[in-house]
Asker: 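Submitted below is the structure of interest, expressed as structure tokens.
Residue numbering restarts at 1 for every chain, and letters A, B, ... go by the order of the sequence lines. Side chains are part of it too, since the values below use all heavy atoms of this structure and drop only hydrogens, waters and symmetry mates.
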There are 2 protein chains.
Amino acid sequence: MAVFLSTYVNKVDRKGRVSIPAQFRQSLAKTSAPSTVYLWPSLNHQALEGADQDYLDVLSESLESPDLDADERDMIETFIFGKLIPVSSDAEGRIVLPKELAEFAGITEEAAFIGRRKTFQIWEPDALKAHEAALREQVVRKDISLSQIVAKASRGAAGRSGEGA
Amino acid sequence: MAVFLSTYVNKVDRKGRVSIPAQFRQSLAKTSAPSTVYLWPSLNHQALEGADQDYLDVLSESLESPDLDADERDMIETFIFGKLIPVSSDAEGRIVLPKELAEFAGITEEAAFIGRRKTFQIWEPDALKAHEAALREQVVRKDISLSQIVAKASRGAAGRSGEGA
DNA sequence: TGCCGTCCCATGCTATCCCAAGAATGCCCA
DNA sequence: TGGGCATTCTTGGGATAGCATGGGACGGCA
């Protein structure tokens, strides 16, 4: 599965095309469908989410889980798979941002790609800045630190040791 | 089996014809009966459900399972198989929406196809919007996020490890 | 014989492909 | 250590093919 890191801001031309950051493309090259990315509107932000085929396969599988209640499944089917748009890149590594998605995220002239490991997001650059500012405030308020999180997670993993990778 | 994604809104002409979205057609092309789709009224919504031949075969088979109680089987047979209408597409990839189904879903001028992976739904566009708005409210209220669901599902899968994949 | 459904043909629009060039980066050589 | 060269990336525009949509004609059923 591809890994997406860093933030890149690229221009959207009047046909609605954007270059996928070269780093993302290199990552996508290792996946089962290198020239296809899947886009959908974020459940929680005015932004787009993106992932590769392999991630979607995992997600699709997790929907088969009997632990998931019917309402949640219905929501995911409607809001993720119902909104999911497979987008294939051209020879230059560009994709066309579907109109309804661009509108949803308020993207017009520029698009900010932000890597989130297994997925990435696409934001309107100013909206991203605002979002980051708000998040940073929370970090300060809640006094979150990285070392703390790592410590907490490894404590939890020790309790569940032997669980899948 | 075909996979249906995304949402497409197409016009219904005065003969009752609608184009099946090209993406859906491409998906259907790989199935055992590419030019036939099966439609039936949704059990839970004022909308239509659709699927390909292969999906119906699987559904039919699962009705043979002894685990299914008689009431459930009876319901499925009455409301799904009893209402099922096979619809074949013309050379342009259009189908004629059966009158009683169009009426059931309130479809007159436009039809919204919404992919749900193995099946799809057909809605009257405004009704779909209302439905989505209601669902989105639930997403906010329950504070649902995608990564959460994936995590939950994989935890569940780990707990059931050894079960057939 | 009249009506309804199916098939065939025509058209505007949209999206996809192809070709091209400027800019930035990194590398090599002097 | 500095400058020049080459490669890669991003961005732009035109041509082409596919798709959604509309109307008319033919055949079958009532």
Side-chain angles (χ1 to χ4, degrees), chain A residues 2 4-30 33-39 48 50 84-103 107-115 120 122-125, chain B residues 2 4-30 33-39 50 85-103 107-115 120 122-125:
Chain A
F4 306 103
L5 300 173
S6 310
T7 299
Y8 304 87
V9 178
N10 287 342
K11 286 194 181 168
V12 180
D13 67 21
R14 48 184 151 144
K15 290 182 180 179
R17 296 178 300 186
V18 213
S19 286
I20 299 173
Q23 297 288 342
F24 284 19
R25 288 207 298 270
Q26 283 183 19
S27 193
L28 284 165
K30 300 166 196 161
S35 63
T36 304
V37 295
Y38 291 83
L39 300 179
L48 309 182
L84 240 179
I85 302 183
V87 178
S88 55
S89 61
D90 61 18
E92 287 76 36
R94 285 178 295 193
I95 55 171
V96 177
L97 283 184
K99 229 174 294 169
E100 64 270 28
L101 290 185
E103 272 174 29
I107 294 170
T108 55
E109 308 212 325
E110 286 188 324
F113 289 74
I114 167 168
F120 58 88
I122 308 178
W123 288 73
E124 196 284 318
Chain B
F4 306 103
L5 299 173
S6 311
T7 298
Y8 304 88
V9 178
N10 287 342
K11 287 193 181 168
V12 180
D13 66 22
R14 45 183 152 147
K15 292 181 180 178
R17 296 177 300 185
V18 213
S19 287
I20 300 174
Q23 297 285 347
F24 285 20
R25 289 207 298 269
Q26 284 184 18
S27 197
L28 284 166
K30 300 167 196 160
S35 62
T36 304
V37 295
Y38 292 83
L39 300 178
I85 301 182
V87 178
S88 57
S89 62
D90 63 17
E92 286 77 35
R94 285 179 294 194
I95 55 172
V96 176
L97 283 184
K99 229 172 292 172
E100 65 270 28
L101 289 184
E103 272 174 28
I107 293 169
T108 54
E109 308 212 324
E110 288 188 321
F113 290 74
I114 168 168
F120 58 89
I122 308 178
W123 288 72
E124 197 285 317

Asker: Which residues pass the side chain to side chain contact (heavy atoms under 4.5 Å, CB included) test with A/Ser88, sequence neighbours left out?
Answerer: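 With sequence neighbours excluded, A/Ser88 shows a side chain to side chain contact (heavy atoms under 4.5 Å, CB included) to A/Thr36, given in chain and number order.
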Asker: Without decimals, in angstroms, what is the distance between A/Asn10 CG and C/dA23 C1'?
Answerer: 13 Å
Asker: Classify the angle between the aromatic ring planes of A/Tyr8 and A/Phe24 as parallel (below 30°), tilted (30 to 60°) or perpendicular (above 60°).
Answerer: perpendicular
Asker: Just the rounded figure in Å: distance from C1' of D/dC9 to NZ of A/Lys11.
Answerer: 14 Å
Asker: Take the protein atom CG of A/Asp13 and the nucleotide atom P of D/dT10, then report the distance between them rounded to whole Å.
Answerer: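 Computing the A/Asp13:CG to D/dT10:P distance gives 14 Å.
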Asker: Which word best sums up how the rings of B/Phe4 and B/Phe120 line up, parallel for under 30°, tilted for 30 to 60°, or perpendicular for over 60°?
Answerer: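 Geometry flag for B/Phe120 against B/Phe4: perpendicular rings.
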Asker: Pairs in or reaching into residues 90-100 of chain B: which pass salt bridge (Lys or Arg N to Asp or Glu O under 4.0 Å), with residues at least two apart or in two chains?
Answerer: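 As it turns out, the salt bridge (Lys or Arg N to Asp or Glu O under 4.0 Å) pairs with a partner in residues 90-100 of chain B, which skip direct neighbours, are B/Asp90-B/Arg94, B/Glu92-B/Arg94.
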Asker: Rounded to whole angstrom units, what separation is found between the CD atom of A/Glu110 and the P atom of D/dG12?
Answerer: 10 Å
Asker: Nearest-Å distance, CZ (A/Arg25) to P (D/dT11)?
Answerer: 10 Å
Asker: Could you tell me the separation between the CZ atom of B/Arg14 and the C1' atom of C/dG5, rounded to a whole number of Å?
Answerer: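 My rounded result for the distance is 16 Å.
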Asker: Can you build the contact string for nucleotides 14-19 of chain C? Use B for base contact, S for sugar-phosphate-only contact, and - for no protein heavy atom under 4.0 Å.
Answerer: --BBBB
Asker: Taking C-beta and beyond as the side chain, do B/Ile95 and B/Leu39 meet within less than 4.5 Å on heavy atoms?
Answerer: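 The answer is yes, as the side chains (C-beta and beyond) meet within the 4.5 Å cut-off.
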Asker: Can you measure B/Tyr8 atom OH to D/dA20 atom P for me and round it to whole angstrom units?
Answerer: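 Between P of D/dA20 and OH of B/Tyr8: 9 Å.
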Asker: Rounded to the Å, how far apart are B/Glu109 CD and D/dT21 P?
Answerer: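 Computing the B/Glu109:CD to D/dT21:P distance gives 12 Å.
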